[in-house]
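Structure, as structure tokens:
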Amino acid sequence: MSLPKACIFDLDGVIVDTVPAHYTAWKAMAEEVGVDFDEKENENLKGVSRFESMKHILSLGNIEKTDDEVNAYTERKNAIYVDIISSMTPADILPGVVEFIDKLKANNIAIAIGSASKNTPVILKCVGLDKVFKVIVDGNQITKSKPNPEVFLKGAEQLGFAPDECVVLEDAISGVKAAKAGGMKCIGVGHPEVLSEADIVVDDLTSVDIDFLKALYSNEELHQA
Ligand code: G6P
Ligand code: MG
């Protein structure tokens, strides 16, 4: 049985618990423009850039704004968001992440970040993971938002591996689509009914280890954890 050469991790909602902070900040913007916004709708913003996320909220209310106005909202959203996340510590790393990273390193499987977030460097520093990943591709280096596979393809390229030698870990519908569009296996982190396009879905990374990865990568039948 073979193993992948690399794992490419999404950041928000896979490595760190930033989803509530994003939601709080977007909800404030939605209220400002008078649009109903709930956690179910927030699923559609996961993995999506700041600009596209604000455009999505506006579209829910059929509201037209210029790009400059959209950018002004995203700046305010980001100020609220950064204020919340700046107090994050290693305690905000999600369950199983550190243990899984240790197992990957022990088995010579390279690790990378593939995130749409421009705040990736700040977040990794806050939680003490800024020196852990071989490659980091984030929102500062990409031009196309997930579900476009650009972020993961760049990650694979910078690692020096073919896309099908990499496994992606994702909590977003758009991120799962991006991984599959890039020709990668994808472990969904969250709910199977939401992440139905993933190869397998787990609640969190406590369910993932090297044998799990081997089975997934070898196309063996996997059972939901
Ligand atoms: C991630 C999150 C999205 C967020 C995007 C951009 O993909 O899942 O909710 O909008 O990054 O994040 P940023 O930190 O640059 O606003
Ligand atoms: Mg995410």
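Treat the numbers as computed from the prediction; the structure is a model and nothing was measured. Atoms within a ligand are numbered from 1 in the order they appear, just like the ligands themselves.
Side chain to side chain, Asp138 and Ser117 fail the donor-acceptor criterion of an N or O pair below 3.5 Å. Between the side chains of Thr206 and Asp204, at least one donor N or O lies within less than 3.5 Å of an accepting N or O. At a cut-off of 3.5 Å, with distance as the only test, a side-chain donor of Asn44 or Glu41 sits close to an acceptor on the other residue. Side chains of Lys46 and His22: a donor-acceptor N/O pair is absent below 3.5 angstrom, by distance only.
Placement of Met88 and Phe9 within a single hydrophobic cluster is found when ILVMFWY residues are connected by side-chain heavy-atom separations under 4.5 Å, directly or transitively. No path of Ile, Leu, Val, Met, Phe, Trp and Tyr side chains, each step under 4.5 Å between heavy atoms, connects Ile142 with Leu11, placing them in separate hydrophobic clusters.
In the displayed structure, Asp36 atom CG is contacted under 6.0 Å by at most 12 heavy atoms of other residues, nucleotides or ligands. Within a 6.0 Å sphere centred on CD of Glu64, heavy atoms belonging to other residues, nucleotides or ligands number 12 at most.
Ligand 1 lies out of reach of Ala172, whose nearest heavy atom is not under 4.0 Å from it. Using a 4.0 angstrom heavy-atom cutoff, Ser53 counts as in contact with ligand 1.
In the vicinity of Lys46, heavy-atom distances shorter than 4.0 Å reach the ligand 1 atoms 8 (O).
Looking only at protein heavy atoms, the nearest one to atom 16 (O) of ligand 1 is Arg50 NE, 2.6 Å. Annotation: atom 15 (O) of ligand 1 to nearest protein heavy atom, Lys118 N, 2.6 Å. What sits closest to atom 1 (C) of ligand 1 on the protein, heavy atoms only, is Asp12 OD2, 3.3 Å. Among protein heavy atoms, the minimum distance from atom 7 (O) of ligand 1 is reached at Gly47 CA, 3.0 Å. When only non-hydrogen protein atoms are considered, atom 5 (C) of ligand 1 lies nearest to Val48 O, 3.3 Å.
Electrostatic pairing of Lys146 and Asp10 counts as a salt bridge here, judged by a charged N lying under 4.0 Å from a carboxylate O.
Considering backbone and side-chain atoms together, Asp10 places no N or O closer than 3.5 Å to any N or O of ligand 1. Between Asn119 and ligand 1, a contact under 3.5 Å exists for at least one N or O pair.
Between Asp67 and Lys55, some side-chain heavy-atom pair lies under the 4.5 Å cut-off. With contacts defined as side-chain heavy-atom distances shorter than 4.5 Å, the pair His56/Leu45 qualifies.
Only backbone heavy atoms of Leu45 (N, CA, C or O) come within less than 4.0 Å of ligand 1; its side chain stays farther off. Residue contacts with ligand 1, taken as heavy atom pairs separated by less than 4.0 Å, involve His22 solely via side-chain atoms from C-beta onward.
A cation-pi contact, defined as under 6.0 Å to the ring centre and within 45° of the axis, links Lys77 to Tyr81.
The number of protein N, O or S atoms lying under 2.8 Å from the Mg ion (ligand 2) is 3.
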